[in-house]
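Just below is one structure, and these are the notes that go with it.
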Protein chains: 2
Amino acid sequence: MSKKPTLRDVSRVTGLSMWTVSRALGDLSGVSSDTRETVRQAAAELGYVPNRVAQELRKNTRRSVAVITASTSNYYYINMMKGIQRTLRPTGRTAVVADIAAEGVYTRELEDATVQDLIQSRAAGVIATLTLSLDSVELLEKWDIPVVFVDSDPPAEAAMVPAITMDNFAASVEVGAHLAGHGYRDWLFLAYPSRWSTRADRERGIRHASERFQANLEVIESENDVESAYATLSAHLDHGSLPRAIVAANNPMVHGALRVLHERSFAVPDQVALIGYDDFDWAPLLNPALTVLDQDSEDIGVQAAQILTRIIEDQIQSERNGRPPRPAYQPADRRRVEPRLIVRRSCGC
Amino acid sequence: MSKKPTLRDVSRVTGLSMWTVSRALGDLSGVSSDTRETVRQAAAELGYVPNRVAQELRKNTRRSVAVITASTSNYYYINMMKGIQRTLRPTGRTAVVADIAAEGVYTRELEDATVQDLIQSRAAGVIATLTLSLDSVELLEKWDIPVVFVDSDPPAEAAMVPAITMDNFAASVEVGAHLAGHGYRDWLFLAYPSRWSTRADRERGIRHASERFQANLEVIESENDVESAYATLSAHLDHGSLPRAIVAANNPMVHGALRVLHERSFAVPDQVALIGYDDFDWAPLLNPALTVLDQDSEDIGVQAAQILTRIIEDQIQSERNGRPPRPAYQPADRRRVEPRLIVRRSCGC
DNA sequence: CGGTCATCCCTAATCGTTTAGGAAGCCCCT
DNA sequence: AGGGGCTTCCTAAACGATTAGGGATGACCG
């Protein structure tokens, strides 16, 4: 099709005004059902498809919700996306993922550029899986783009911004308690960088537990990807001794750790026990089946999308009533989901 | 910000025309560098961010490439997405995924609605991971939206449409040969529905191999998800006998099969061998490590995105020169990637 | 018969950009 | 002095939809 039919074409063909055609196709009042039918016919015949870009411009609507992430290799986010997509579908909005880690490494420049991009494309809202800079949050707020954090905290100064988080401190304490229950007294905590705000509480929790249960604890940190986790743990084991239990603080850490343990043929859990965070599909099929501290990530996605949707609808209402469309954050939008320990075999059970 | 600054505001503040401001910010010729600087200053001060919706409308540009998929639970596509994203990034286009299987089941209605939606939003191009209906392909072509198929064939009547596929027939023959090499003579092929066009060749290949190597072959089919695979195989084993080797035709099938084998405590590979298709991160860490027939899915994503990008750029050129922007498909865009058998332990090696 | 109201449709402005088509000023050359 | 060619900027018309504000018609009512 060399020239695509527009509303004007439908108008010309039917001899009706664009006003009438627009309202006819939009199922709006003010058009007799005869006319409406005529218009529909003509539109179908021409193969007319409305241009949503023009609609968005004119109606000042926004269509896409951005999910900001920084580690595509983390399966945790895939389930979350599932929940987000499912919740967003009936609203007619679309989720697009914006990765702010090019080739695996986060940079502040990329964060800023991404935020800029979201504003340019007039995103409807943002779901952030890691803590953004205060600047970013304020800039988005300035452009009336609501943000919901998941599995991470808003910057400290933006306390009102919604967030769905797990009680990571309690979670880690539970992990520690379980290890202590097995009689292990020598722990290694394999952590990702503290740019992901969950890191702090997870570490605090395991430290707390180690004191309470009088265990030895060492904490080592790697970048947030499998390769780094593998390298970091390998290097550590080359120098230090083998701990009785390894706690891998998230999915990539677990993966890296397993590779090391496999490679060195350590018996899990007899020589060294392993507990991870965040369940994933294959965990029960590993050998031994992996014990993990889980949170229902799909449900988290659903909740985040629900909150965001509500805020967006609020904004639309506000605007319709002539009020400024500033995002209306409510205290109840700060939510906690319960962690749960999924006990399998790798912990020694 | 109650009212967002527009180009007009920058124009008013600087006392320059919108023409000048637009060209200044766009780094286009016809503006003195002094003026350009003035404009930049003013824009920054106002916090002006161009509205890309308006730009798209005016310039008739398209920004997003849709990846049509029908099974989110298949890890195969995640690596592919990685490749696509990486390739698309420098072009300024964005990949958005459009799942045409609501709650896991494909429906023709959803396919049609999705295609309609892509046309409405004037997508720049489509990467389809499963065979679309001829209607869909023609409709997209009519709207000058190029399509590239990956891991699936175009409808038979649209032979010119690019596709990146594996030689699935040869691949299956190789799998069969390997099994025969182990002396196994009793095979079970666990397949997904033939809506995914790879199914046919994979089945043909394994059938061919079974004849050539004089093996018994049974083929059973489940829906394309883990639950169905699990249920189907379970039901089959309840009635029939245990085969010497199971070939699971894709990722979800492997997953379902492994669950069954675990649950029933069959020894792999001693009692029953298992070979899957499409490698994934955890495969080497399973017990036993999984032997798979792999194709480099990230590379496939890269190639698909490259082809699509070239076609899109061609279209833009054509349009600039006043020619119709019909997608220019080339025979060389039908590509094959080589399969490779990644031998681990689950086959008996 | 005049007034009121609802129904159906229209004209024209608008959303925020880009861009064809000039116009003004200046320099340089013959 | 006249003309050609730059450079720099402007006016105004697009792009493809929605929508405020009216106008014409006919029905209904007192």
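Note: hydrogens, waters and symmetry copies are ignored here, and every other heavy atom, side chains too, is used.
Comparing the start and finish of the helix from dC1(C)-dG30(D) to dT30(C)-dA1(D), five pairs each, the helix axis swings through 60°, to the nearest 10 degrees.
Sorted by first then second residue, the side-chain hydrogen bond (donor to acceptor under 3.5 Å, both in side chains) pairs that include residues 118-130 of chain A, not counting sequence neighbours, are Q120(A)-R52(B).
Note on S29(A): nothing from the nucleic acid sits closer than 4.0 angstrom, heavy atoms only.
The pair R62(A)-D144(A) does not meet the salt-bridge criterion, since no charged nitrogen lies less than 4.0 angstrom from a carboxylate oxygen. Remark: R40(A) engages D27(A) in a salt bridge, criterion side-chain N to carboxylate O under 4.0 Å. Electrostatic pairing of E313(A) and R310(A) does not count as a salt bridge here, judged by no charged N lying under 4.0 Å from a carboxylate O.
Nearest approach of P5(A) to W143(B), heavy atoms of both residues: CD-CH2, 4.2 Å. In terms of heavy-atom proximity, I316(A) sits nearest to R93(A) at CD1-NH1, 4.4 Å. In terms of heavy-atom proximity, I145(A) sits nearest to L118(A) at CD1-O, 4.2 Å. P162(B) and V147(B) get closest at one heavy-atom pair: CD-O, 3.5 Å. Minimum heavy-atom separation, S318(A) to P325(A): CB-CA, 4.3 Å.
For the segment residues 53-61 of chain B, the set of residues with a heavy atom within less than 4.0 Å of an atom of DNA chain D comprises L57(B), R58(B), in numerical order. For the segment residues 10-20 of chain B, residues with any heavy atom less than 4.0 angstrom from an atom of DNA chain C are, sorted by number, M18(B), W19(B).
You can see that DNA chain C meets the heavy atoms of chain B within a 4.0 Å-exclusive cut from dG16(C) to dG21(C), reading 5' to 3'. With a heavy-atom cut-off of 4.0 Å to chain A, the contacted part of DNA chain D has its first and last nucleotide at dG16(D) to dG21(D).
Side-chain atoms of I68(A) and L132(A), non-hydrogen and from C-beta on, do get closer than 4.5 Å to each other. A heavy-atom distance below 4.5 Å is found between the side chains of P146(A) and I312(A). Between I164(B) and D151(B), every side-chain heavy-atom pair lies at or beyond the 4.5 Å cut-off.
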_Run the salt bridge (charged side-chain N to carboxylate O under 4.0 Å, His left out) test on D314(A) and R323(A) for me, step by step, so that the C-alpha distance in whole Å, both residues' side-chain angles and the decisive distance to 0.1 Å come before the verdict._
CA-CA 11 Å; D314(A) 272 5; R323(A) 292 199 307 280; over 6 Å; no

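The closest donor-acceptor contact from the side chain of S152(B) to the backbone of F149(B) lies at 3.5 Å or more, if one exists at all.
For T38(A) and T35(A), the side-chain atoms include no donor-acceptor pair closer than 3.5 Å.
In terms of position along DNA chain D, the nucleotide closest to V31(B) lies nearer the 5' end than the nucleotide closest to the other residue of the pair V31(B) and R122(B).
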